[in-house]
Protein chains: 2
Amino acid sequence: MSAAARGAQNGTVAERIHARFDDLTRAERQLANALLENYPVLGLNSIAAVADASGVSMPTVARMAKKLGFDGFPELKDKLRSELEETITNPIAKHDRWAESAPDTHILNRFADAVQENMHQTLRQISLEAFNETVDLLADTEREVYVVGGRLTRALADYLFTHMQVIRGGLTLIKSNSNTWPHYVLNMKPGDTLVIFDIRRYEYDLLRLAEMARTQGATVVLFTDQWRSPVAKHAAHSFHCRIEAPSAWDSNVAIMFVVEAIIAAVQNLRWTETRDRMKALEDLFDQTKLFKKF
Amino acid sequence: MSAAARGAQNGTVAERIHARFDDLTRAERQLANALLENYPVLGLNSIAAVADASGVSMPTVARMAKKLGFDGFPELKDKLRSELEETITNPIAKHDRWAESAPDTHILNRFADAVQENMHQTLRQISLEAFNETVDLLADTEREVYVVGGRLTRALADYLFTHMQVIRGGLTLIKSNSNTWPHYVLNMKPGDTLVIFDIRRYEYDLLRLAEMARTQGATVVLFTDQWRSPVAKHAAHSFHCRIEAPSAWDSNVAIMFVVEAIIAAVQNLRWTETRDRMKALEDLFDQTKLFKKF
DNA sequence: CCTTTTCTGAAAATTTCTTTACAGACTCGC
DNA sequence: GCGAGTCTGTAAAGAAATTTTCAGAAAAGG
């Protein structure tokens, strides 16, 4: 008997789901996720309620219960109940922990706390005005948009660029190599937008770039940390995200969160165009696929 | 209406029992005590099981449910379930608004809610075993480490790569262009590690890559979403992160969080070496700077 | 100690839930 | 683009649970 099959015959319902997830069909996965998202309470409902809440049919629920090694759905329900009894009888308070199986001191939980706090602080201090105006800037196709990041934030610049590419044209991702930057600046027109990512340790070249871009009449938007990159001097809008982490490095999660929220907001503003572009993109991907096959 | 009577019509099941305890008959009190002793799990069983466990008859159970203001026993059961849901549901989810100046419906706050929920779900389901073993794999300098991402996850691959570069050598970031992939596979040795990022829409080429890598004897680690990339079939460890967002795209924040936590854990394991490398890196940056100045 | 009232549980009746059967939809491979 | 196989949901059959009925038992009051 394989490890996966054994996992499907024993252990908690959650474990069995994980163990056999690969064998599950689309509808079953949908159901499995619903069960895990609201574990274990959802599974304590009747089969009809579970099916309804998961958006699948009743037979799918019954079938999956069998697939997980139970005699039928009621038996799965019994298992959930007894698991719950175990958990509740067990006096260890498990509720305020993130990863329940891990001790509070595990790096996962400490990191989760830090990220949580970073997001909270970032949001509390964010300027709604800067947010909305940045969204307007990025949604405006009259303006070219340039995106650049430093050593550790290059990935974020790339991320923003990739998503914005679907939403609009007129985008440029500025390469890491600062030798080439003057060429980009040469092309900037008044009204263009330059998005800069810069967290400590701040990069001097980015400061120069911002300075030059502003001289050319470009509007600078900056994503930085709470200590603020010197680029802020040249930025029309800047976002100061918390980046503290229980590690030798900083956490960029809060920055990524703000970036994603901005992408979502821009996409809302330009939904019709975005939808068309997404459709076109899908078609192109399909063509590439066909092309590769032969 | 008296306080007791009101208590019997509202509040938790436990409260209702206490409120009307004086009105209960002998068999009912016996039942009530059994329910409270094993609260709330016993009450989630069938009426027959409850009757049996309490040493009373089924009609007694049904009658008491009505006496407590329910329509019947199933309704009491529903109430217990929803109480449980309240208790178990993440207490942090009921946040005081994130960005206080913004309305709850502002995209920032809706996004914050989604990200919060994604992190919570991701952590709840993460396999600690997979986490720890992945950390060990990445900390082991005997193994070459390869990192690759898809169109939307390339940035995450890049992020992991950039950070790991400081911690250790023997790292390769696989380029986006899948034409070049066979060359990388050619170099893989048994024991090497391949980290793949793949979220929907899943990329067929990544599946092929994973397959080839495994054939070469490499260990595959996968970061994917809750629907799981087909790459999971070939992965020794996979992380299923929640990516839901109030937008046409998915949120990669939870994935980035797990990646950062892993980086932090690897760095802890290799702290002495990492510190030396960081120092050396600083020096090199300083030299570059000097070089540029003249 | 007997009558009246209330309570309790066995068993039937009913309702609700679960499973099975089947046919349409979809996918995958050729 | 087409056929074999798989998956999924509707609807009916079957199983299980719940409620009701009712008769006997226990308690309360005289």
Do the side-chain N and O atoms of [X] and [Y] include a donor-acceptor pair separated by under 3.5 angstrom?
X	Y	result
E83(A)	Y39(A)	yes
H237(B)	E133(B)	yes
E37(A)	Q226(B)	no

To the nearest Å, give me how far apart [atom1] ([X]) and [atom2] ([N]) are.
X	N	atom1	atom2	value
R26(B)	dA28(D)	CZ	P	12 Å
F73(A)	dA15(D)	CZ	C1'	16 Å
E28(B)	dG9(C)	CD	P	10 Å
D78(A)	dA16(D)	CG	P	13 Å
N45(A)	dT16(C)	CG	C1'	14 Å
D52(B)	dG9(C)	CG	P	12 Å
K67(A)	dT8(D)	NZ	C1'	12 Å
L76(A)	dT19(C)	CG	C1'	15 Å

Checking contacts here: which listed nucleotide ([options]) is nearest the side-chain heavy atoms of [X]?
X	options	value
R63(B)	dG9(C), dT8(D), dT20(C)	dG9(C)
S57(A)	dT18(D), dG9(C), dT10(D)	dT10(D)
K66(A)	dT18(C), dT19(D), dT20(C)	dT20(C)
I47(A)	dG9(C), dT18(D), dT18(C)	dT18(C)
P59(A)	dA21(C), dT18(C), dT8(D)	dA21(C)
M58(A)	dT19(D), dT19(C), dT8(C)	dT19(C)

Practice item. Look at atom NZ of K189(B) and say whether more than 12 heavy atoms of other residues, nucleotides or ligands are closer to it than 6.0 Å. Key: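 Buried by this count: over 12 neighbours within 6.0 Å.
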
Check your understanding: More 5' along DNA chain D: E75(B) or G55(A), using each one's nearest nucleotide?
Key ->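 Per heavy-atom nearest nucleotide, the more 5' residue is G55(A).
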
Check whether any side-chain nitrogen or oxygen of [X] sits under 4.0 Å from OP1 or OP2 of [N], and answer yes or no.
X	N	value
K77(A)	dT18(C)	yes
T25(A)	dT8(D)	yes
S46(B)	dA16(D)	no

Check your understanding: If we only count heavy atoms from C-beta on, is the I255(B) to F197(B) side-chain gap below 4.5 Å?
Key ->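 They are in contact (side-chain heavy atoms under 4.5 Å apart), so the answer is yes.
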
Review point. Sub-3.5 Å donor-acceptor pair from the side chain of Q30(B) to the main-chain atoms of A27(B), do we have one?
Key: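 Flag not set: sc Q30(B) to bb A27(B) has no pair under 3.5 Å.
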
**Study point:** Reported OH-to-CG distance for the pair Y204(B) and L209(B), which is rounded to 0.5 angstrom
**Key:**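 Y204(B) OH to L209(B) CG: 12.5 Å, rounded to 0.5 Å.
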
Exercise for review: Indicate the ring-plane relationship of Y146(B) and Y184(B), choosing parallel, tilted or perpendicular according to the 30° and 60° boundaries.
Suggested key: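 The rings of Y146(B) and Y184(B) stand perpendicular, inter-plane angle above 60°.
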
Review point. Tell me, what's DNA chain D's dot-bracket, Watson-Crick or G-U with both distances under 3.5 Å, | for other-strand, [ ] crossing?
Key: ||||||||||||||||||||||||||||||

